[in-house]
Amino acid sequence: MARVGAVLCLVALASCASIDYHHCSGHGRTTSDDAFVCTCMSGYTGPDCSMKACPHGVAWADYPTATDEAHAGDVECSGMGYCDHGSGECDCRDGFEGPACERLACPTDDGGTPCSGHGRCVTTGGAARGWDGRTLVRPNVSYDLWDAEKMMGCLCDAGYGGFNCSRVECPRGDIPETLGQQNEVARLECRADGGTFALEFRGERTRAIPYDVPYGQLEQYLEDLPSIGDVQITFSTGAKPCGASSFVETEIEFRSEFGSLPALRATNLDLTEGSEAGAVRFVTRQSLHCPQGSCDTKWNCTGGFYLGYDDVYTSKLTWNATAADVERELRGLSSLGVDNDFGDMMINVSGSTVCDPLGSAGGRDGGRNTTVEFRGAYGNVYNLTLINSLRERVPYGNLQNFMTNGMRVNLTLRADKGTKEDVYCSDRGWCDFATGTCMCNTLLRPPFDYDYRSSDGYGGPGDRGDCGWPYSRATSCPAVYFEDGATWKECGGPERGVCDNSTFTCKCADEYYGADCMLRRCPFGPSWWAEPQGGGVAHAAAECSNMGECERNSGQDKRAKFPTSKAPISAVFHSRNSGICDCRSGFGGEACEKLLCPSGADGDYCSGNGVCLPMWRVAEVTQYSGIDAGLSYGAATQNPLATWDSRRVYKCVCDSRDGDQPAVGPVGLVSGVPVLNPDFVGGWTGYDCSRRRCPVGDDVHTPGVPEVQTVRCYASHPSTFTFTFRGQETRPIVANASLAAVEAALENLTTIQDVTVSASAGTRACRVGWEMADGSNGVEDGLQITFISQLGDLPLLETTPAYNVTETQRGTKESAECGNRGVCDYTTGHCQCLAGYVGSDGAGNVGTRRDCGRLDPQGFTLNLYK
């Protein structure tokens, strides 16, 4: 960095006009009234306004300012880059972007293309505000924590997946051997006698649909969408989807899209009803079914049940809860508040209570139904959750006044959500994510016999490409050939999975998955980027924390020919599978759950000049003026939502003396430990600890006084005591030691350097018992300790044993980098003083602080660094 050449007005020269713009590099002003401090114009900074300022943003990692409060909002380059004061631009750490390095850049492919060219970048806050029914599926979400506009992720185009959209998705389908499942059904309500409406599904929107469209054409409108294959439409009444004076319900059954589907959205384009506006909406209907006779009239039931949404649950509801009870509890859930996913809520109980033992069966299959209906623009968002602990109460023996709990009541939650599997390759093959092609399981080699091919979604031949058609009826579960033992193992062997012979489906151990249990699961962690769930809730668990790709195979899958009694059919050899997360650069941990500290060219974290700590540990080492602040961040007893990053975001804590200490002498701190090192200048600073710290000093032009503390001590006999300042303790001092000895003991501390010690009377440190009548040791006024090298308001000295210590004069001198009269050269840790300023002793006198804290009577800067 070039030496600063501008000259500020000096008091000694008395050469300043009332307002002087010239001496602030033409980018600010200074006057005698403001102590010749430059007030810079917007966009400029520095003691003489010669440097361009860089943008500020919310800090990525910093020292907390209070318990559970971090990520300050006004930090240069967001603490993730360095400012180029020549251009006023931030030089960001790799992987971060934005004018203030405020955003995590979107992940790229190996060629550096964001989202691999198959998606678009969105912040977490943007994902919360958006909805497309495909990747963003929560209609009403708010998220405003510190990372809302900082975390960036990929919204992948249809057909692509993975954290960087590099994976080509394979066809999905239903497992053909599993039975008793249902397709998803959406229910549309419309009231109109004119106009049109539109429906949206998975990011695609229909053309304008007339209010009186027949069911066949309504099917066509929906099937024209690329996101829908086949639907079946049923009108509840009449031959059109809208009623002239009341709502008509239309049932939409999805026959080619399986599983629990994302929400649909209905939009009123220009529906009318007479002279009024018409209406269109979805109704999401879910019901609790209590079997007939579950709670006997005499003995009733014990226990209760709970309903929940988004992991928020009601209080316990009993068997005889009414519709009003259920509605009150559901409306009390924060996740079903005004801005819930569904819309208006309506509760109906077919009997007087949830499990009404009186009257005839009122529900499907006998029993009672408690129906919960939501009406709004979105339909079939998610199911409620049921936790059931209802039990029948039965008499114990012949004593009817003694009861015991019987069988659990088969209380069930019924909904229109699809329950068929929707898995890659119908779980009857494996997906080649490089091409998006299903490799179907095929082996005709007794005793193993199966051959799966592309299906129609219902166990027959078709063009889905999903391996859901059993071309020949399976007689075994998938088997894998292990070359090392020249053996075939069903479901990869007992350590990986076991065969369910009723469906010939492998039941895999927790660590494995896939049709043959040969795919190893990767660890899951809280996602760095994902669509929030609402109310400040985000970071749901995801594979590799959505910041890396799971290395599913560390070797090549092989296919070979085996002679059989029928024909040579290919089979898959065993392929070793790593199950290891390949994390994005800068992230680490088994599940890529950590944003690691920056590392230098040699790979050392924090440039080898500091320690890398998670935010919760950073809080523990935070100090105020050299004293432990006693803070915590993300403690178990605190709100985990606001401090989700406490064990995930890491920060460099640089090897450095206290920032309030002058950079003089051979003593420095390395990872918090004082060491003697003559080459140690002032320690290290910066987000990656690559910069030298410069001395701090008092601004010579601003008024200020040093800190003065008074110590009153008394000893019953000649003994010793010690002082402690900012964690360092002196050697023992004899109670009646001289003032010079006290001063020497204090100045031997690396946290002090220079003080003066005086007493209003006497020359001894403390009054001792046999001096009581002397009165010449100044005990009435005590010892006055004036701090020369330590600037500002200082913590009180501590003594052992404890003596009375008071602050006689609060220190008001600045502790500013280069005394506000120079610019720090971070490559050397030296202050480049403005012309007319040199180093001081902290009090404006000759000294070795190199802090630009003294006026140079010669009017030029002395070279102190040779």
Run the side-chain contact (heavy atoms from CB on, under 4.5 Å) check on W644 and W146 step by step: do they pass? CA-CA 10 Å; W644 65 268; W146 69 270; 3.5 Å; yes
Walk me through it: do E149 and T123 pass the test side chain to side chain donor-acceptor pair (under 3.5 Å)? CA-CA 5 Å; E149 303 305 323; T123 64; 3.0 Å; yes
Before giving the answer on salt bridge (Lys or Arg N to Asp or Glu O under 4.0 Å), spell out for E169 and R167 the whole-Å C-alpha distance, their side-chain angles and the decisive distance to 0.1 Å. CA-CA 6 Å; E169 301 279 79; R167 195 172 61 194; 3.6 Å; yes
If you apply the rule side-chain contact (heavy atoms from CB on, under 4.5 Å), what do you find for Y512 with M518, and how did you get there? CA-CA 6 Å; Y512 297 90; M518 289 307 297; over 6 Å; no
Using side-chain contact (heavy atoms from CB on, under 4.5 Å), reason through M615 and T643 one step at a time and then give a plain yes or no. CA-CA 9 Å; M615 285 289 289; T643 57; over 6 Å; no
Derivation of the disulfide (SG to SG under 2.5 Å) call for C606 and C652: CA-CA 6 Å; C606 307; C652 286; 2.2 Å; yes
I'd like to know whether C438 forms a disulfide (SG to SG under 2.5 Å) with C431, so could you lay out the CA-CA distance, the side-chain angles of the two residues, the decisive distance to 0.1 Å, and finally the verdict. CA-CA 5 Å; C438 286; C431 178; 5.7 Å; no
side-chain contact (heavy atoms from CB on, under 4.5 Å) assessment of D94 paired with S585: CA-CA 9 Å; D94 286 347; S585 177; 5.9 Å; no
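Panel note: side chain R172, backbone D422; a donor-acceptor pair is recorded below 3.5 Å. Of the possible donor and acceptor atoms, one in the side chain of S426 sits under 3.5 Å from a partner among the backbone N and O of D466. Of the possible polar contacts, one joining the E490 side chain to the C477 backbone as a donor-acceptor pair under 3.5 Å is found. Looking at S454, its side chain does come within 3.5 Å of a backbone N or O of R464 through a donor-acceptor pair. No donor-acceptor distance shorter than 3.5 angstrom exists from the side chain of Q533 to the backbone of D310, with no hydrogens or angles considered. Counting only distance, with no hydrogens or angles, the side chain of K651 and the backbone of V618 share no donor-acceptor pair below 3.5 Å. For S256 (side chain) and D230 (main-chain N/O), a donor-acceptor pair under 3.5 Å exists by modelled atom type. Without hydrogens or angle criteria, D62 side chain to H71 main chain gives a donor-acceptor distance under 3.5 Å. Remark: side-chain polar atoms of T135 are not paired, donor with acceptor, to backbone N or O of L155 under 3.5 angstrom. E543 places no side-chain N or O within donor-acceptor distance of the main-chain N or O of R521, the cut-off being under 3.5 Å.
A salt bridge between R453 and D451 is present, with a side-chain N of the basic residue lying under 4.0 Å from a carboxylate O of the acidic one.
SG distance check for C154 and C115: under 2.5 Å. Cysteines C467 and C440 are disulfide-linked, with SG atoms closer than 2.5 angstrom. The sulfur atoms (SG) of C581 and C544 lie less than 2.5 Å from each other.
For the pair K489 and F482, the cation sits on the ring face: its NZ or CZ lies under 6.0 Å from the ring centre, inside 45° of the axis. Both tests do not hold together for R265 against Y378: distance to the six-membered ring centre under 6.0 Å, angle to the ring axis within 45°. Figure legend: R648 and W528 shown as a cation-pi pair, the cationic atom lying under 6.0 angstrom from the six-membered ring centre and within 45 degrees of its axis.
Sorted by first and then second residue, the side-chain hydrogen bond (donor to acceptor under 3.5 Å, both in side chains) pairs with a member in residues 604-618 read R617-E620; sequence neighbours excluded.
Residues F258 and Y458 place their aromatic rings such that the two centres sit under 6.0 Å apart. For Y513 and Y424, the gap between ring centers reaches or exceeds 6.0 Å.
For E184, the side-chain hydrogen bond (donor to acceptor under 3.5 Å, both in side chains) test picks out N380, K417, with sequence neighbours left out. For E421, the side-chain contact (heavy atoms from CB on, under 4.5 Å) partners at least two apart in sequence or on another chain are D174, I175, T178, Q181, V423. When the side-chain contact (heavy atoms from CB on, under 4.5 Å) test is applied to T503, the partners found at least two apart in sequence or on another chain are E177, D500, T505. Taking A127 as the reference, V122, L136, W529, P532 meet the side-chain contact (heavy atoms from CB on, under 4.5 Å) condition, with sequence neighbours excluded.
Ring geometry for Y481 against W488 counts as tilted: the plane angle lies between 30° and 60°, on a 0 to 90° scale. Ring orientation note: the planes of Y309 and F342 are tilted relative to one another, at an angle of 30° to 60°.
Minimum interatomic distance between F504 and R428 (heavy atoms only, all atoms of both residues): O-NH2, 3.7 Å. What you find for C689 and G610 is that their closest heavy atoms are SG-CA, 4.3 Å. Heavy atoms only, all atoms of each residue included: I387 and Y313 are closest at CD1-CE2, 3.5 Å. Residues G98 and C92 come closest through the heavy atom pair O-SG, 3.9 Å.
Between the side chains of S545 and E593, no donor N or O sits under 3.5 Å from an acceptor N or O. No hydrogens or angles considered: nothing links the side chains of D432 and T437 as a donor-acceptor pair under 3.5 Å. Inspection of the S476 and D449 side chains reveals no N or O donor paired with an N or O acceptor under 3.5 Å.
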Between side-chain atoms of residues 100-111 and protein atoms elsewhere (two or more places apart, or another chain), which donor-acceptor pairs fall under 3.5 Å?
{"from": "E102", "atom 1": "OE1", "to": "A100", "atom 2": "N", "distance (Å)": "2.8"}
{"from": "D109", "atom 1": "OD1", "to": "G111", "atom 2": "N", "distance (Å)": "3.0"}
{"from": "D109", "atom 1": "OD1", "to": "G112", "atom 2": "N", "distance (Å)": "3.0"}
{"from": "D109", "atom 1": "OD1", "to": "T113", "atom 2": "N", "distance (Å)": "2.8"}

